[in-house]
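Throughout, a chain's letter reflects where its sequence line sits, starting with A, and its residues are numbered from 1. The structure presented is a predicted model; accordingly, all values stated were derived computationally and were not measured.
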Amino acid sequence: MSSSVLYDAPGPKARIRNRIYSIVGGLAVLGLIVFAVVRLNDKGQFAPEMWNIFNYAGVRTSIRDGVVTTLKVFAVAAVLSLVLGVLLAVGRLSDHKAVRWFATGFIELFRAVPLLITIYVLWVLFLTYRSDLGLSGDNTGFWALVIGLTVYNGSVQAEVLRAGINSVPRGQREAAYALGMRKTQVMMTVLVPQAVRAMLPTIISQLVVTLKDTSLGYVITYQELLFQLQQLAGNIVVNDDNPYVPVIIVGGAIYIAMCLALSALATWIERRGRRAKTGIRVADAGQPLAAADALDVVDHATVSAPDASTGKTN
Amino acid sequence: MNVLLDHLPQFREGFLGTLSITAASAALALVLGIVIAGFRVSPIPPLRAFGTAWVTLLRNTPLTLLFLIAFFVIPQIFFPGTSPFVLAMGALGCYTSSFVCEAVRSGINTVPLGQAEAARSLGMTFFQTLRLIVLPQATRSVIPPMSSIFIALTKNSAIAGAFSNTELFNVSKLLSDKGFAIGWIFLWIALCYLVITFAISGLFRLLESRLEVAR
């Protein structure tokens, strides 16, 4: 009667056994946590002085600055990557061979190369040609990070959008052409809006990836949250020790809170989309998986296309 | 062109470094991921909660932060003097294990309920059902997402290079610090990654056709 494939609703004997396992498992998990806490405590990482650092205005300011910079990079990169995503998706579906090949090549190249390497190469390029590009100081890091995030996530968003465009019922496109719309009009006023709507949860999940990837700025010494945290922990000495554990716990909590808030948005939109009776199937609020998954989305959407077309469209 | 030919040993070392760190953390991620997936589908609440917490925490943490923890916290507190390779493997493996866990879990959910019911009605225990009936069938639907997870892992392994491991990112950094044209280095590094990712997707496609089950 249970909903799981793996086990039935337990009988009396199984219930006792499960309770024993629960206790043993609970103790094991608890033991693990206690061990870690005790070890950290022994090293003085839970001493009040260690945590007192957050009472200093300077520490709080630099954490706040880090959050602001991270959000700034994320905001610019998110907008640019969505714009690039639309352009590349339309390019991939273009009737012109040259445009199609260029878009495909661009997407494949930047999806295959690690984002870190893209960002690093851009950074070196920007540093080398700094004067020609009119960049100064921190700007090189900012633009390297933003453009790196944009080309990578734009490529992934393009694949997601393409899957969405392919999942729009064929009648929509045919009706639009029958009304005498041009190719561009059909794409921009009929197909892309519906694709965005269907794929919104996946698009937002990819934005979570974008947000997480801003931390790669650490490697090119750009002053985002992670870099600030590392500087903080590395420069402050409390009881002859660096307060890495408190700083990382606080910083990690900030990151997790930001990402969970975005994921919650994706889930909320997915649930809202399920309720609407437009006949467009809204994608699952997928996990913020890494990029190559856009391929799965493609398969997923093309499989689901037929049942979408049987739905009511209005 | 000259960058590649003149520094072939470095490129080879970087390539092998990327391969070994990827393979090692893939193995760790696979084992951890399957164990955690087992926790998440088990009838034991504490383990289920542990699995959920593991996946939620790791999936929403930037990998770079995990590297920071692995390199600055773990050696200080638990295991002093661990080599950077092992630390990087730990960070990458734990991070990837959360994705593997979710893939395995959704794979288990694709097995029709009747299969497990039939197994149980034959008197099989939980572990027998899991091992003999459910997992072999789940494997097939897990393979495509697994291939993309491992491709992502290959790309994520670049971060290990920033933390004093010898691999392709490290090599590109080294050569560009020496003043070689970054454009050429980028081209060759990109090619190396393309070779690895194509190999992985090819391997998994082969596996997929081999492990096909009729449903």
Of the listed residues ([options]), which shares the most heavy-atom pairs with chain A below a 4.5 Å separation?
| options | value |
| --- | --- |
| I159(B), L194(B), T125(B), L191(B) | I159(B) |
| F163(B), F50(B), F186(B), F67(B) | F186(B) |
| P46(B), P62(B), A119(B), A49(B) | P62(B) |

Could you report the tightest heavy-atom contact between S98(B) and W54(B), atom names first, then the distance?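 So the minimum-distance heavy-atom pair works out to N-NE1, 4.4 Å.
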Pair K72(A) + E224(A): basic N to acidic O under 4.0 Å: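 No, K72(A) and E224(A) are not salt-bridged.
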Pair E159(A) + R162(A): basic N to acidic O under 4.0 Å: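 Salt bridge between E159(A) and R162(A), a charged N being under 4.0 Å from a carboxylate O: yes.
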Side chain / backbone / both / neither for [X] at chain B, heavy atoms under 4.5 Å:
| X | answer |
| --- | --- |
| A28(A) | neither |
| L27(A) | neither |
| V121(A) | both |
| D42(A) | neither |
| Y21(A) | both |

Cut-off 3.5 Å, side chains only: do [X] and [Y] have a donor facing an acceptor?
| X | Y | answer |
| --- | --- | --- |
| S176(B) | Y120(A) | yes |
| W188(B) | S172(B) | no |
| S141(B) | T110(B) | yes |

Proximity breakdown for [X] and chain A, heavy-atom pairs closer than 4.5 Å:
| X | value |
| --- | --- |
| T56(B) | side chain |
| L57(B) | both |
| I69(B) | both |
| T61(B) | both |

Within the structure provided, determine whether L207(A) and L211(A) are in side-chain contact (heavy-atom separation under 4.5 Å).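 The answer is no, as the side chains (C-beta and beyond) never meet within the 4.5 Å cut-off.
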Let me see the working for F110(A) and F106(A) under ring pair (Phe, Tyr, Trp, His ring centres under 6.0 Å), right down to the final yes or no. CA-CA 6 Å; F110(A) 284 105; F106(A) 189 93; 4.8 Å; yes
